[in-house]
Amino acid sequence: MRHAQGPLLTIDLTERTASTTPIDDRLASFVGGRGLNTSLAYDRIPFDADPLGPENRLYLSTGPMQYSTTSYTGRMAATGLSPLTNGLLSSNAGGFLSRNFTGAGYAAVELVGASDDLLAVHVREVGPDGEPDVTFEEVPDLAEAEVSAVSDRFAETRDLGPEHVACIGPAGENAVRFASVMTSDTRAFGRGGLGAVLGSKGVKALTFDGEADAGIEIDPDWPDEAGAVHREAATSDSIMKRQGTTSVTELANEVDALPSYYFAETSFEGVEGISGDRVEEKKYEKGTCSACAFACKLPTRDEERGIETEGPEFETVMAFGSNAGVDDVVDVMAANELCDELGMDTISCGDVVSMFLQSEDEFGNAGLVRSLVEQIAYREGVGDKLAEGVHRASEEFGAEDWTVKGLAFAGHDGRALNGQGLAFATSNRGADHMYGEFYPYEYPLVDPDDALDPEGLEGKPPKLVAKENRNAALDSAVVCKFSRGTVTDDRLAALLDADYDAVQALGARVVELERAFNNARGFDRGDDTLPYADAIEGFDAALSEYYALRGWNDDGTVPGHGDGLDAASAAPADD
């Protein structure tokens, strides 16, 4: 199977040293991205590690597709123990960092230990002597600097633009449990708080630069597949090119799948004011990720209020719009801009803000929303408690705990889209819509051959298992999930130089290793639940069917995870 190339670069932040380790066998089994990161984390992070302690490790990697120039490949993966969920979590981000990361010549970068002083770590291509070129720069002047200020600093001092930088804002330094790692200024490794992990290690920023040759061999058929993907991305008339994911906002509202008023309702009477049409009106140019012709990003601007941002995407519209009772897209844009600059996941931040608005009967108060976002990032006033996230703060504010495994809910409400509800429950990451990504099957606009009745779970567990596996393979390749319909199963297999059964097997290995790691930290069936599980007919039976299809125990654990399910099948633990 085609896979990423290069060694693992280990950066010891305590000792300020860098070393490399060959991982060819591991790459052959896990390809790159999320798969590679998960296998490394399983072997190298202690099961009892504190997510904000020095024993946690943070992994960054790309996959084989980042050595191509085809569409949907401007992404990379980050993995570590989540301070929000307390489990192993992977996140990926788009933008333009991935090509500069591969240019440095490493398949993955591992951050270990912690620095007492705030650092920027600069990674360049391996020099002629074969030794890693890693520089540790103390940056006390960047303490609590916003994301764009960090980018400006390295553009001025190192001639490296935002596309070379991964950094944190004030939220990461202040251990906000849903802090993001930001790149290209507005793209986020968003879910799960990996920005807080980076902050706990004393790292404000990483930069990557180089022109290393990957040396990946491309067979004669591969360019045809990649070319077809690129051409179709360029010529597609998808509404996402105009409205991004917000194109689904009014549809979600129509089918009662738009969480509103901190999940008390599933539709929003003010939806027109935050719809895809309103976002499109504020879009002032095309936006894309590296090498991608699909160009679905949303550079938006409101000149009257002086707001310029990228987005909001649908999930942000839900979290800071309908869930907060806010019906003006410019107010949502303002919250989006703040989260990007301060370095926070818009979904978790918007949901916890909405929870507070409910407790104060302040739905729709956009000024209070902006104030709360800033208080959270700096842990000031009530923001200190809200920075802990919905799961930890809900009881104090008399609110229902709208999370799965501690991760706040995305949109595409599972009370209307029951298969997506099951997908929220089984996701090793928590209530994240992209892990199982079941919702497209249950909206009425999908291909009739794939469309499913949104009500009930009959026949859905096998499809969910296959979709989770496919997404894990996409995240290992690394390929954007918005390639659906273009990167078909056959094309994905061809791009990876494998048959599709092997692609599914790769995904299954990744999902199982994630589950086994979390089992070792105490996760089991009791964590695969929903606030509304009792309202979905057949939920318990479908969950048992899901476990059986994966070959897991009925308590949600992987057989033998403590004595045999390690990554040794891919590479020795001390490789």
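The residues of the chain are indexed from 1 along the displayed sequence. In this text the structure is predicted, and so the values were computed from the model without any measurement.
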Step by step, would you call Y435 with N471 a side chain to side chain donor-acceptor pair (under 3.5 Å)?
-> CA-CA 7 Å; Y435 191 94; N471 280 358; over 6 Å; no
Could you verify whether a donor N or O on one side chain and an acceptor N or O on the other, from T557 and D555, lie under 3.5 Å apart?
-> yes
Give me the one residue out of F263, Y261, Y262 that meets ring-ring contact (aromatic ring centres under 6.0 Å, His included) with F268.
-> Y261
Test salt bridge (Lys or Arg N to Asp or Glu O under 4.0 Å) on D475 and K481 and set out the steps.
-> CA-CA 8 Å; D475 288 343; K481 296 184 182 74; 2.6 Å; yes
Smallest separation among heavy atoms of S61 and M76, with atom names = O-CB, 3.2 Å
So how far is it from F517 CZ to L81 CG, rounded to the nearest 0.5 Å?
-> 4.5 Å
Side-chain donor-acceptor pair present, R191, S348, cut-off under 3.5 Å = yes
How many angstroms lie between atom NZ of K201 and atom CZ of R57, to the nearest 0.5 angstrom?
-> 8.0 Å
Kindly confirm or rule out a cation-pi arrangement of K463 over Y441, judged by NZ or CZ under 6.0 Å from the six-membered ring centre and within 45° of its axis?
-> yes
Kindly compute the distance separating CG (D554) from OH (Y547), expressed to the nearest 0.5 Å.
-> 7.5 Å
Measuring from E545:CD to E458:CD, what's the distance to the nearest 0.5 Å?
-> 9.0 Å
Restricting to pairs with a member in residues 415-426, which pass salt bridge (Lys or Arg N to Asp or Glu O under 4.0 Å), not counting sequence neighbours?
-> D413-R415
Charged N to carboxylate O under 4.0 angstrom, D528 versus R515?
-> yes
For the atom pair CD1 (I347) and CZ (F178), what is the distance rounded to the nearest 0.5 Å?
-> 12.0 Å
Begin with the C-alpha distance, continue with both residues' side-chain angles, and end with the deciding distance and a verdict on salt bridge (Lys or Arg N to Asp or Glu O under 4.0 Å) for R429 and E514.
-> CA-CA 9 Å; R429 195 155 54 195; E514 292 171 339; over 6 Å; no
Below 6.0 angstrom between ring centroids: does that apply to Y443 and H412?
-> yes
Donor on one side chain, acceptor on other, N92 and R34, under 3.5 Å | no
Quick one: do F356 and F397 satisfy ring pair (Phe, Tyr, Trp, His ring centres under 6.0 Å)? Show the steps, please.
-> CA-CA 7 Å; F356 181 78; F397 293 98; 5.6 Å; yes
One should read off an interatomic distance between E437 CD and Q420 CD, to the nearest 0.5 angstrom, of 8.5 Å
Which atom of A387 lies closest to which atom of R379, heavy atoms considered | CB-CZ, 3.6 Å
Looking only at heavy atoms, which two atoms of F189 and T183 are closest? And how far apart?
-> CE1-CG2, 4.3 Å
